[in-house]
Amino acid sequence: MSVQAQLANQSIHSALDMVLDTAYQGIDTAHWKKLFASARQSQLEQFIVDMFAGKHINNSEDRPALHSALRNLSKTPVLIDGKDVMPAVTEVWHRIEALCNKWVGVTDVIHIGIGGSDFGPRLAIEALAHVPGIESRGMRMHFLANIDTAELARILARAQPHSTRVIVVSKSFTTLETSMNAKAVVAWLKDSGCTTSQIAHALYAVTANIPAAKGFGVSEENIFPFWDWVGGRYSVWSAVGLPIALQYGFETFKQFLAGAEAMDLHFKNAPLEQNLPVIMALSLLYQQEKHDIKAYAAIPYADALDWFPKWLQQLDMESNGKSVDRDGKPVKHSSPVVFGSAGSNAQHSYFQLFHQGTEIIPIDFIAVREPMSDRPEAVAHHRILLSNCLAQAQALANGKTASNPNDVYPGKRPSNLLLLPKLNPFYLGALLALYENRTATLGALWNINSFDQPGVEYGKVLAKPIEKALASHQDDIAASADIDAVTAARINLLNSNN
Ligand code: F6P
């Protein structure tokens with residue numbers, strides 16, 4: 001048997017009928033053994049136990065990271081500091097279900113949130129819309145995130161104010177983009193002739209800061225809580241995922257949670273050697289050690305998953321894009337840059353660099369066995385989609401020699417193939433939970449806290465004096481403690497009439 005065939009044989013792993021093939025990582029048995037041994041040495045198994053047990057693994061904020069409780073459909077008690085959180089989680093499920101039954105005649109939903117309060121539901125709404133035969137209420141789901149009024153204007157031009165519902169989603173309820181956009185949408189409802197009581201009826205909030213939501217004018221019965229032990233980027237399983245239930249029904253939302261729950265059980269119980277999130281994390285660590293990689297890509301060969309890499313970017317880079325470990329000591333490695341988009345489109349964009357660039361970029365190829373449409377062309381098109389996916393991985397791994405240097409493919413470019421039996425609510429949930437658990441595994445192995453994000457605050461603080469300077473319309477702003485000379489000059493440029 002050739003070395004390649006041997007590698008291929010040992011490289012297939014599966015869970016929930018999802019298959020992970022690591023053959024093109026070029027990792028031999030001896031190296032895999034070393035990788036699993038070092039994961040054990042890093043106490044990865046204990047970390048997994050601690051995470052599900054509600055230990056305060058988010059050490060900087062002294063909190064657990066218990067998003068797994070949000071998809072714990074079995075309702076087995078999950079204790080935080082001795083108190084079971086499942087009754088509160090279950091109550092929110094009941095309220096979501098009741099709301100699904102209550103909303104009739106709604107034409108538009110404006111979901112206002114950013115970052116973790118946006119990517120998850122946006123990805124799910126988009127992905128599930130492609131599931132053949134899925135039942136949909138057919139509401140227009142608008143996602144409003146950017147402070148740039150272009151998005152606001154586009155949405156308000158389409159929505160019908162008297163049959164619109166607004167969901168303000170913000171864990172902190174202090175995020176500037178979200179509160180400004182929420183104010184603008186409420187003003188639009190008012191200007192469109194909605195009465196105060198109609199607005200109160202249309203306005204909902206999902207938040208961990210209930211007093212702030214009330215202060216904004218959301219009535220208590222329209223507030224869906226979630227909790228500080230759920231990180232924003234891990235929150236789609238909470239009421240942040242309301243649009244999924246409202247558009248596709250509560251049963252679909254439950255299926256989505258069920259897929260994630262099944263993946264959690266796999267992550268919790270499978271030995272490291274068969275554990276999909278762990279194997280994926282270790283393959284990245286191996287390439288990082290070997291090639292000092294700076295980036296990796298996730299390429300879903302499914303148009304339905306075009307939003308997946310954007311969701312993954314926040315998940316990975318906000319979680320693990322850090323230079324110091326849990327103890328404040330510098331780390332050797334942390335998250336590489338993450339990017340990607342749907343294949344085969346991506347092939348016609350940046351794959352040139354994958355094949356012949358100077359950087360080695362590990363890739364996760366994500367494919368779905370079944371076509372995502374019931375068009376008569378679907379089977380033939382899907383075969384071409386899959387052959388492209390397989391061909392790219394093969395070309396990257398094996399390369400090609402040629403006398404003309406331009407035609408040489410160096411090869412030995414690593415990739416995983418992750419194959420989903422189909423893309424439905426269950427497998428979407430399983431896919432997202434697989435990557436969440438992979439991110440947590442990477443953090444544990446780098447000894448990084450994957451559940452805080454201290455680095456995103458500083459820019460927000462600096463934006464305030466700059467905004468004030470812009471509002472002054474002065475074009476002679478001098479450098480100060482808050483505004484350096486370059487930025488002062490840029491403000492003056494923007495404030496000048498030229
Ligand atoms: O700025 C980063 C961040 O804090 C993310 O972590 C979070 O997902 C996003 O902003 C939105 O925060 P919130 O849900 O509190 O509005």
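Predicted, not measured: the structure shown is a model, and the values here were computed from it. Residues take their numbers from the sequence shown, with the count starting at 1. Side chains included, hydrogens not; waters and symmetry mates left out as well; all remaining heavy atoms used. Every number for a ligand or one of its atoms is a count from 1 in the order of the listing.
Looking at ligand 1, you'll find an N or O of S170 within less than 3.5 Å of one of its N or O atoms.
Less than 4.0 angstrom separates some heavy atom of T175 from each of these atoms of ligand 1: 12 (O), 13 (P), 15 (O), 16 (O). Atoms of ligand 1 found under 4.0 Å from any heavy atom of K171, numbered from 1 in the order shown, are 13 (P), 14 (O), 15 (O). The atoms of ligand 1 that sit less than 4.0 Å from any heavy atom of E318 are 2 (C), 5 (C), 6 (O).
Across every non-hydrogen atom of H111 and V169, the tightest pair is CE1-CG2, 3.3 Å. Across all non-hydrogen atoms, the minimal contact from R140 to R158 is NH2-O, 3.8 Å. Contact record, P309 with P300: CG-CD, 4.0 Å, taken as the closest heavy-atom pair.
Under the 30°/60° scheme for interplanar angles, the aromatic rings of F354 and Y350 are found to stand perpendicular.
For atom 15 (O) of ligand 1, the nearest protein heavy atom (residue, atom name, distance) is S172 OG, 2.6 Å. Protein heavy atom closest to atom 8 (O) of ligand 1, with residue, atom name and distance, is G116 N, 2.7 Å. Shortest contact from atom 9 (C) of ligand 1 to any protein heavy atom: I114 O, 3.6 Å.
In this structure, Q314 counts as a contact residue of ligand 1, since one of its heavy atoms falls inside 4.0 Å of the ligand. Within the 4.0 Å heavy-atom shell around ligand 1 one finds K460.
Defined by atom type and a distance below 3.5 Å, a donor-acceptor pair is present between the side-chain atoms of T487 and D484. Residues W237 and E261 have side chains that never bring a donor and an acceptor to within less than 3.5 angstrom of each other.
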Distance-only donor-acceptor pairs under 3.5 Å for side chains of residues 319-333, two or more places apart:
unit_1 : atom_1 : unit_2 : atom_2 : d
S319   : OG     : R233   : NE     : 2.7
S319   : OG     : Y234   : OH     : 2.9
S319   : OG     : L315   : O      : 2.4
S319   : OG     : S450   : O      : 3.2
N320   : OD1    : S450   : OG     : 2.7
N320   : ND2    : T439   : O      : 3.0
K322   : NZ     : S319   : O      : 2.8
K322   : NZ     : N449   : O      : 2.7
K322   : NZ     : D452   : O      : 2.6
K322   : NZ     : D452   : OD1    : 2.7
D325   : OD1    : D327   : N      : 2.8
D325   : OD1    : G328   : N      : 3.1
D325   : OD1    : K329   : N      : 2.9
D325   : OD2    : N447   : ND2    : 3.4
R326   : NH1    : I57    : O      : 2.7
R326   : NH1    : N59    : OD1    : 3.0
R326   : NH2    : I57    : O      : 2.9
K332   : NZ     : E289   : OE1    : 3.2
K332   : NZ     : E289   : OE2    : 3.2

